[in-house]
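To start, the structure itself, in structure tokens.
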Number of protein chains: 2
Amino acid sequence: MIEVTDRKILRELQADSRRSAAAIGDVVGLSASACHRRIRLLEERGLIEGYGARLNAEKLGYAMTFFVEVTLSGQSETVLGEFERAAMARSDVLECYLTTGTADYVMKVAARDADDFERIHRRVISGMPHVIRIQSSLVMKTVKRWRGYSVG
Amino acid sequence: MIEVTDRKILRELQADSRRSAAAIGDVVGLSASACHRRIRLLEERGLIEGYGARLNAEKLGYAMTFFVEVTLSGQSETVLGEFERAAMARSDVLECYLTTGTADYVMKVAARDADDFERIHRRVISGMPHVIRIQSSLVMKTVKRWRGYSVG
DNA sequence: GGTGAAATCGTAGACTG
DNA sequence: CAGTCTACGATTTCACC
């Protein structure tokens with residue numbers, strides 16, 4: 001289990017990972033060094049996997065985001081493994097999940113424009129191993145994102 | 001457009017936002033102060049929206065992640081707005097997108113266990129305004145995540 | 001967990017090429 | 001626009017209470 005103070009630290013770091021141990025300590029009621037010790041421990045325990053910048057997709061040139069549901073021709077280890085390796089390797093695939101439900105995988109894909117998505121759909125995803133069906137949904141509006149887990 | 005060096009900086013910050021300007025400058029071939037200046041500008045231009053810790057869902061106590069597709073009873077501004085406000089307010093809804101395709105919204109939801117998801121499904125999502133249909137998929141395996149945009 | 005101190009590192013500004 | 005230099009402040013890390 002995670003202690004109350006640790007939860008507060010995680011909440012702060014999730015919202016802004018650039019704050020110093022001293023600043024976070026102020027908020028959670030800990031001295032800078034005690035807070036720093038706890039952060040180190042949270043990293044070592046694997047609760048914190050890393051720190052990253054949140055980038056603006058549009059300003060980066062990615063005008064379109066899609067959810068793509070992919071169905072494969074089978075569910076054997078080999079089939080899944082080969083598909084997953086291909087998904088890992090594609091930089092236009094931002095996220096990829098094996099799911100229950102109608103399809104086998106759900107992927108989040110970033111495209112620069114409609115032509116780019118057409119290319120990704122036709123050349124990239126269709127060409128990934130064992131894919132027999134693709135259904136994509138364009139994200140028209142991002143209502144919520146980056147808000148992270150509720151940690152207390 | 002984004003300059004080559006800026007792209008490299010974004011790539012580094014996306015992968016690890018805790019590195020200092022000096023450390024990133026080393027990688028991209030810039031002095032600490034030049035690199036620092038560019039990072040400030042990238043923040044001001046809105047390319048960098050923020051910095052966050054990547055937390056481990058399982059270790060936080062969220063054993064299950066779901067994609068939930070929601071269909072509403074209409075598409076008027078009022079209907080969408082009321083639903084979106086409810087989605088924003090729920091801390092178990094990690095992400096929420098208005099999409100084209102079969103459903104109206106796709107949400108990512110974190111649950112502590114099966115009972116918790118049952119509760120979220122029955123009490124929370126079904127209770128959100130104007131929801132007439134819910135279809136959820138359990139994430140069985142996260143193949144790819146956190147890898148961010150290809151910027152360089 | 002807190003304190004305090006030392007060493008290190010990071011930030012920001014002025015100035016030069 | 002980048003590099004250097006610089007000065008100040010912040011941060012990390014340690015031993016000890």
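Below, chain A is the first sequence line, B the second, and so on; all start at residue 1.
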How would you label the contact of [X] with the nucleic acid (heavy atoms, under 4.0 Å): base, sugar-phosphate, or nothing?
{"X": "B:Gly29", "result": "sugar-phosphate"}
{"X": "A:Arg19", "result": "nothing"}
{"X": "A:Ser31", "result": "base"}

Is it true that B:Asp92 and B:Arg119 have a side-chain N and a carboxylate O under 4.0 angstrom from each other?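 The answer is yes: the pair qualifies as a salt bridge.
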Any ion pair linking B:Glu43 and A:Arg18 (charged N to carboxylate O, less than 4.0 Å)?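 Yes, A:Arg18 and B:Glu43 are salt-bridged.
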Spacing between [X] atom [atom1] and [N] atom [atom2], to the nearest angstrom:
{"X": "B:Ile24", "N": "C:dC9", "atom1": "CD1", "atom2": "P", "value": "16 Å"}
{"X": "A:Leu41", "N": "D:dT12", "atom1": "CG", "atom2": "C1'", "value": "15 Å"}
{"X": "B:Leu30", "N": "C:dA12", "atom1": "CG", "atom2": "P", "value": "16 Å"}
{"X": "B:Tyr51", "N": "C:dG10", "atom1": "OH", "atom2": "P", "value": "14 Å"}
{"X": "B:Leu42", "N": "D:dC1", "atom1": "CG", "atom2": "P", "value": "12 Å"}
{"X": "A:Ile39", "N": "D:dT12", "atom1": "CD1", "atom2": "P", "value": "8 Å"}

In the structure I gave you, are the side-chain heavy atoms of B:Arg11 and B:Val28 within less than 4.5 Å of one another anywhere?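 Not in contact.
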Contact between B:Tyr51 and A:Tyr51 at the side-chain level, heavy atoms closer than 4.5 Å - yes or no?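 No, their side chains stay 4.5 Å or more apart.
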Return the nearest nucleotide to the side chain of A:Arg38; candidates are D:dC14, C:dG1, C:dA12.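 Output: C:dG1.
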Taking the minimum atom-to-atom distance to the side chain of B:Ala22, which one of D:dG3, C:dG2, C:dG10 wins?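 The answer is C:dG10, which lies nearest to the side chain.
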State whether [X] places a side-chain N or O below 4.0 Å from either non-bridging phosphate oxygen (OP1 or OP2) of [N].
{"X": "A:Arg40", "N": "D:dT13", "result": "yes"}
{"X": "A:Arg37", "N": "D:dT12", "result": "no"}
{"X": "A:His36", "N": "D:dT11", "result": "no"}

Under-3.5 Å donor-acceptor pair between B:Ser20 side chain and C:dT11 base: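 It does not, because no donor-acceptor pair links the side chain of B:Ser20 to the base of C:dT11 below 3.5 Å.
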Hey, would you say the A:Tyr149 and B:Tyr62 ring centroids sit under 6.0 Å apart?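 Ring centroids of A:Tyr149 and B:Tyr62 are less than 6.0 Å from each other.
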When the nearest nucleotide of DNA chain D is assigned to B:Arg18 and to B:Thr5 on a heavy-atom basis, which residue is associated with the more 5' position?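 Its nearest nucleotide being more 5', the pick is B:Thr5.
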Axis deviation across the helix from C:dG1-D:dC17 to C:dG17-D:dC1, five-pair ends, to the nearest 10°: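 Between the first-five-pair axis and the last-five-pair axis there is 30°.
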Relative to each other, are the rings of A:Phe117 and A:Phe66 parallel, tilted or perpendicular (30° and 60° limits)?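 Ring orientation of A:Phe117 relative to A:Phe66: parallel.
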Okay, side chain of B:Lys144, backbone of A:Leu94: is any donor-acceptor separation there less than 3.5 Å?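 It does not hold such a pair.
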